[in-house]
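As a basis for the values below, the full set of heavy atoms in this structure was taken, side chains included, without hydrogen atoms, waters or symmetry mates.
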Amino acid sequence: SHIPVITIDGPTASGKGTVAQLVATELGFHYLDSGALYRLTALSALYRGIALDDEQALAKSVESLNCGFKDGDIFLDRENVTMSIRAEEVGNTASKIAALPAVRKALVDLQLRFREAPGLIADGRDMGTVIFPDAELKVFLTASAEARAERRYKQLIDKGFSANMQDLLKDLNERDARDANRAVAPLKPAEGAYLLDTSDLTVNQAVEKVLGWYAVTK
Ligand code: C5P
């Protein structure tokens with residue numbers, strides 16, 4: 001039988017993870033944080049000392065990627081890496097290896113497996129364009145670079161990392177440019193996607209928008 005999917009794509013720190021998780025809870029859906037898979041691949045490459053330009057070795061490493069998701073926690077080889085995959089270094093490394101076609105291809109099946117009854121909400125960069133093109137509802141969530149840098153700053157400080165606004169804004173712009181300009185699965189709104197600019201919205205307002213759009217698809 002058909003399992004419904006909602007996709008939420010958008011740039012770094014746009015708030016899509018927070019919104020997606022709340023919508024998932026509200027609907028009782030499963031949640032796929034596809035960025036976490038790229039971050040796990042990056043962290044495992046850093047651990048294993050795989051060269052970050054060795055496309056074949058990186059793609060191969062995905063086959064033996066031993067990751068787990070439980071109650072909001074994320075594991076790599078049984079180690080709880082929920083916090084460590086959020087480090088900026090890991091995010092930047094993730095964005096570099098995410099530009100490699102063989103790495104993206106190696107991660108497709110893993111992502112499709114998250115589609116389980118009663119439904120899935122998936123967030124990332126290419127959820128609506130590449131991974132779940134038949135999704136019931138596609139959302140492209142954005143926010144100004146300043147709003148996003150500020151959110152990322154708060155997130156990092158809350159998690160006990162140190163952070164600097166100027167560095168964050170620079171990282172963010174670099175990562176946006178890399179994600180939007182790469183040849184495979186560049187960040188862009190899927191056909192038929194609803195655009196949601198959250199610069200001036202509260203989290204709850206954004207969640208209500210998505211739930212409202214989803215209600216109309218049924
Ligand atoms: O969303 P998050 O910041 O955790 O993602 C980390 C990196 O992984 C992104 O900068 C992007 O390059 C890559 N990514 C991707 N496709 C996805 C999700 C993440 O290329 N679906």
Side-chain angles (χ1 to χ4, degrees), residues 2-39 86 91 94-95 98-99 104 107-108 111-112 114-115 119-155 165 168-218:
H2 183 77
I3 299 170
V5 179
I6 300 174
T7 60
I8 303 193
D9 289 306
T12 301
S14 53
K16 55 191 192 310
T18 308
V19 172
Q21 272 173 284
L22 288 166
V23 172
T25 303
E26 195 62 39
L27 296 173
F29 278 16
H30 298 276
Y31 168 57
L32 165 61
D33 172 2
S34 63
L37 298 179
Y38 287 91
R39 287 171 183 269
R86 299 299 156 196
S95 135
R104 304 198 69 84
L107 282 168
V108 170
Q111 296 174 81
L112 294 178
F114 279 80
R115 188 172 194 165
L120 174 70
I121 176 147
D123 92 51
R125 305 293 187 288
D126 63 343
M127 297 298 96
T129 50
V130 177
I131 305 295
F132 302 109
D134 65 335
E136 280 37 51
L137 170 65
K138 299 177 183 181
V139 177
F140 193 79
L141 203 144
T142 58
S144 68
E146 289 70 25
R148 290 185 287 126
E150 224 163 275
R151 287 176 193 167
R152 178 52 54 92
Y153 180 84
K154 283 200 189 120
Q155 258 177 17
M165 269 300 269
L168 280 176
L169 204 52
K170 184 169 158 280
D171 269 8
L172 210 119
N173 284 322
E174 274 174 21
R175 198 158 356 144
D176 283 354
R178 200 160 41 222
D179 289 347
N181 296 323
R182 69 186 173 210
V184 275
L187 173 67
K188 62 165 185 219
E191 219 180 291
Y194 288 82
L195 300 185
L196 182 55
D197 186 332
T198 64
S199 307
D200 301 315
L201 294 186
T202 65
V203 170
N204 275 336
Q205 287 172 322
V207 169
E208 287 306 318
K209 280 266 185 210
V210 176
L211 288 171
W213 287 329
Y214 184 64
V216 174
T217 68
K218 288 191 293 184

Problem set entry | Exercise: identify the closest heavy-atom pair between Ser34 and Met127 | OG-CE, 3.4 Å
Problem set entry | Selection residues 138-149 - residue pairs positive for side chain to side chain donor-acceptor pair (under 3.5 Å), sequence neighbours left out | Arg148-Asp176
For this session: Please list all pairs passing the salt bridge (charged side-chain N to carboxylate O under 4.0 Å, His left out) test where one or both residues lie in residues 127-136, with sequence neighbours left out.
Result: Arg115-Asp134
Exercise. Salt bridge (Lys or Arg N to Asp or Glu O under 4.0 Å) with Lys188: which residues, sequence neighbours excluded?
Worked result: none
For this session: Please identify each residue that fulfils salt bridge (Lys or Arg N to Asp or Glu O under 4.0 Å) with Arg182, with sequence neighbours left out.
Result: Asp179
For this session: Find out whether Ile6 and Leu27 are in side-chain contact, i.e. whether some heavy atom of one side chain is under 4.5 Å from a heavy atom of the other.
Result: yes
Exercise. Which residues pass the salt bridge (Lys or Arg N to Asp or Glu O under 4.0 Å) test with Asp171, sequence neighbours left out?
Worked result: none
For this session: Apply side chain to side chain donor-acceptor pair (under 3.5 Å) to Asp123 and list each qualifying residue two or more places apart in sequence or on a separate chain.
Result: Tyr31
Exercise. Where do Pro186 and Ala180 come nearest, in terms of heavy atoms and distance?
Worked result: CB-O, 3.4 Å
For this session: Any pair with a residue in residues 199-218 that passes ring pair (Phe, Tyr, Trp, His ring centres under 6.0 Å), sequence neighbours left out, goes on the list, sorted by first then second residue, please.
Result: Phe29-Tyr214, Tyr194-Trp213
For this session: Taking all heavy atoms of Ala206 and all of Val19, pick out the closest pair and write down the distance.
Result: CB-CG2, 3.8 Å
For this session: Classify the side-chain pair Ser95/Arg175 by whether it contains a donor and acceptor separated by less than 3.5 Å.
Result: no
For this session: Could you grab the distance from atom CG of Leu137 to atom OG1 of Thr7, nearest 0.5 Å is fine?
Result: 6.5 Å
For this session: Scan residues 17-34 for pairs that pass salt bridge (charged side-chain N to carboxylate O under 4.0 Å, His left out), counting only residues two or more places apart or in two chains.
Result: Asp33-Arg86
For this session: For residues Ala145 and Asn173, report the shortest heavy-atom separation together with the two atoms involved.
Result: CB-OD1, 4.0 Å
Problem set entry | Ionic contact status for Lys170 with Glu174, cut-off 4.0 Å | yes
For this session: Applying side-chain contact (heavy atoms from CB on, under 4.5 Å), name anything that partners Val130, two or more places apart in sequence or on another chain.
Result: Asp126, Ala185
Seminar exercise, completed: On a heavy-atom basis, the closest approach of Leu112 and Ile131 is CD2-O, 3.6 Å
Exercise. Where do Phe132 and Leu32 land on the side-chain contact (heavy atoms from CB on, under 4.5 Å) test, with the steps shown first?
Worked result: CA-CA 12 Å; Phe132 302 109; Leu32 165 61; 4.0 Å; yes
Seminar exercise, completed: Contacts satisfying side chain to side chain donor-acceptor pair (under 3.5 Å) that involve residues 8-24 (not counting sequence neighbours) are Thr12-Arg125
Problem set entry | Side-chain heavy atoms of Tyr153 within contact of Leu169, under 4.5 Å | no
For this session: Output every pair passing side chain to side chain donor-acceptor pair (under 3.5 Å) with a member in residues 198-210, not counting sequence neighbours, ordered by first then second residue.
Result: Arg151-Thr198, Asp197-Ser199, Thr202-Gln205
Problem set entry | Listed partners of Glu150 passing salt bridge (Lys or Arg N to Asp or Glu O under 4.0 Å), at least two apart | none
